[in-house]
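Only one structure is covered here, and it is reproduced in the block below.
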2 protein chains.
Amino acid sequence: MSANSRLTIAAHALAWIGLYQRQGHEVATSEQIATSANTNPVVIRRLLGELRRAGLVESRRGVGAGWSLARELESMTLLDVYEAVEPGPLFAMHRTTPDQGCVVGHGIQPAMQSIYEGIEETVRRELARVTLANVLRDVLAAPR
Amino acid sequence: MSANSRLTIAAHALAWIGLYQRQGHEVATSEQIATSANTNPVVIRRLLGELRRAGLVESRRGVGAGWSLARELESMTLLDVYEAVEPGPLFAMHRTTPDQGCVVGHGIQPAMQSIYEGIEETVRRELARVTLANVLRDVLAAPR
DNA sequence: CTCAGTTGTAACAGGGAAGGTTGCAACTGG
DNA sequence: CCAGTTGCAACCTTCCCTGTTACAACTGAG
């Protein structure tokens with residue numbers, strides 16, 4: 001599977017902002033987060049922009065600008081993040097319509113569709129069980 | 001997510017071969033399956049080649065050549081197919097190593113890793129619950 | 001022995017998504 | 001007015017999937 005790292009980077013950014021705020025800072029910059037994630041600030045801004053549209057973070061411009069959490073980490077789940085940054089489905093159908101004159105070609109898509117929907121629902125439930133506060137706790141618990 | 005259709009096409013091919021054999025035929029050709037799936041025979045041969053390596057199908061060359069099932073559809077699950085055609089993980093880590101000098105950069109990968117492993121395990125369990133015989137039954141049950 | 005039909009596989013092209021990079025307008029507290 | 005940052009567009013590179021062509025290898029039928 002050509003998996004991407006969007007969910008990972010988004011969770012990284014949120015955990016970083018959350019910890020930074022716990023340390024008494026008001027806002028975090030994309031520059032700081034990008035350094036921690038070892039990537040480009042624009043990549044972080046793009047992802048945080050999607051999280052802002054989902055109501056998870058807020059941004060401030062001008063002097064003293066940066067990003068802050070819109071909600072507590074405790075009330076934010078990985079499902080919220082996933083839905084904000086991953087639009088597409090986990091499994092894809094045929095790129096071209098199968099032969100509708102063939103019994104298998106005709107019935108395969110509805111059959112697979114309902115299986116895939118069940119799996120995606122399960123994944124969503126798993127993601128919903130993990131809050132970003134859980135993630136940050138695990139991050140801080142990592143052996144040094 | 002840049003999802004691919006490998007699992008879908010592989011399941012399509014297996015269901016097609018299974019139905020064809022139930023109708024009394026010995027082997028199916030990649031040409032026939034490709035017509036049903038509306039794709040190129042080489043794409044089918046590539047996927048079936050991976051399924052052969054996994055022990056799900058067999059191939060015969062020469063005159064009267066083609067593909068046949070190596071096991072009953074009842075004993076074949078979507079997990080078997082998934083493992084044969086999808087090597088990678090569902091979610092990816094950072095493409096570059098995060099800043100190990102940062103607390104978050106250091107702890108984020110083990111934290112996300114264990115979450116992802118749990119989710120993948122759940123997905124595997126779901127896939128293992130569905131046999132290819134189930135798939136074929138659903139395919140044939142589709143309204144005309 | 002030859003031939004036709006099929007697999008096995010390499011090679012390459014095209015498309016699309018993700019990630020990285022640059023550049024710059026817009027904003028705002030000091 | 002200025003410095004620091006976001007917002008965003010544009011472009012490039014890389015990677016993977018899919019499709020396609022080409023051809024050698026194989027084998028039962030005749």
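What you see is a predicted model, and the numbers here were worked out from it, not measured in a lab. Order of the sequence lines fixes the chain letters, A, B, ..., with proteins taken first and strands second; residue numbering starts at 1 for each chain.
- We find that CG of B:Leu47 is positioned 8 Å from P of D:dT18, with the value rounded to whole Å.
- Of the residues in residues 49-69 of chain A, those with a non-hydrogen atom less than 4.0 angstrom from any atom of DNA chain D are A:Arg52, A:Ser59, A:Arg60, A:Arg61, A:Gly62, A:Val63, A:Ala65, A:Gly66, A:Trp67.
- Here the closest heavy-atom approach between residue B:Tyr116 and residue B:Ala92 is recorded as CE1-O, 4.3 Å.
- Aromatic ring pairs are classed by plane angle as parallel below 30°, tilted from 30° to 60° and perpendicular above 60°; the pair A:Phe91 and B:Tyr82 is perpendicular.
- The shortest heavy-atom contact between A:Ala84 and A:Glu50 is O-OE1, 3.3 Å.
- The residues B:Arg129 and B:Glu126 are annotated as salt-bridged, a charged nitrogen and a carboxylate oxygen being separated by less than 4.0 angstrom.
- In this structure, B:Arg6 atom CZ and D:dG19 atom P are separated by 11 Å, rounded to whole Å.
- Between B:Pro89 and B:Glu120 the shortest side-chain heavy-atom distance falls below 4.5 Å.
- Counting heavy atoms from C-beta on, the side chains of A:Arg22 and A:Leu136 come closer than 4.5 Å.
- Between B:Ile108 and A:Val135 there is a side-chain heavy-atom pair separated by less than 4.5 Å.
- The side chain of A:Ser5 places an N or O atom within less than 4.0 Å of a non-bridging phosphate oxygen (OP1 or OP2) of C:dG19.
- For residues 133-144 of chain A, every residue pair satisfying the side chain to side chain donor-acceptor pair (under 3.5 Å) rule, not counting sequence neighbours, is listed here: A:Thr131-A:Asn134.
- Within the 4.5 Å cutoff, the side chain of B:Leu127 has no heavy atoms near those of the B:Glu83 side chain.
- Below the 3.5 angstrom threshold, one finds a donor paired with an acceptor across the side chain of A:Arg45 and the base of D:dG7.
- Contacts between residues 9-22 of chain B and DNA chain C, defined by a heavy-atom separation under 4.0 Å, are absent.
- Smallest separation of non-hydrogen atoms from A:Trp67 and A:Arg52: CZ3-NE, 3.9 Å.
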Show me the donor-acceptor pairs, under 3.5 Å and distance only, between side chains in residues 33-40 of chain B and residues at least two apart or in other chains.
unit_1  : atom_1 : unit_2  : atom_2 : d
B:Thr35 : OG1    : B:Glu31 : O      : 3.0
B:Ser36 : OG     : B:His12 : NE2    : 2.8
B:Asn38 : ND2    : A:Thr96 : OG1    : 3.4
B:Asn38 : ND2    : A:Thr97 : O      : 2.8
B:Asn40 : OD1    : B:Val42 : N      : 2.9

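- Atom CD1 in A:Ile44 sits about 12 Å away from atom C1' in C:dG20, given to the nearest Å.
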Under 3.5 Å between N/O atoms: give me all the protein pairs with nucleotides 10-12 of chain D, atom names plus distance.
unit_1 : atom_1 : unit_2  : atom_2 : d
D:dA10 : N6     : A:Arg46 : NH1    : 3.3

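- Checking side-chain atoms of B:Gln100 against main-chain N and O of B:Pro98 turns up a donor-acceptor pair under 3.5 Å.
- For DNA chain D, the residues of residues 25-40 of chain B within the heavy-atom distance limit of 4.0 Å (strictly under) are B:Thr39, B:Asn40, sorted by number.
- At a threshold of 4.5 Å between non-hydrogen side-chain atoms, the residues A:Leu56 and A:Leu69 do not count as touching.
- Rounded to whole Å, atom C1' of C:dG20 lies 8 Å from atom CZ of B:Arg95.
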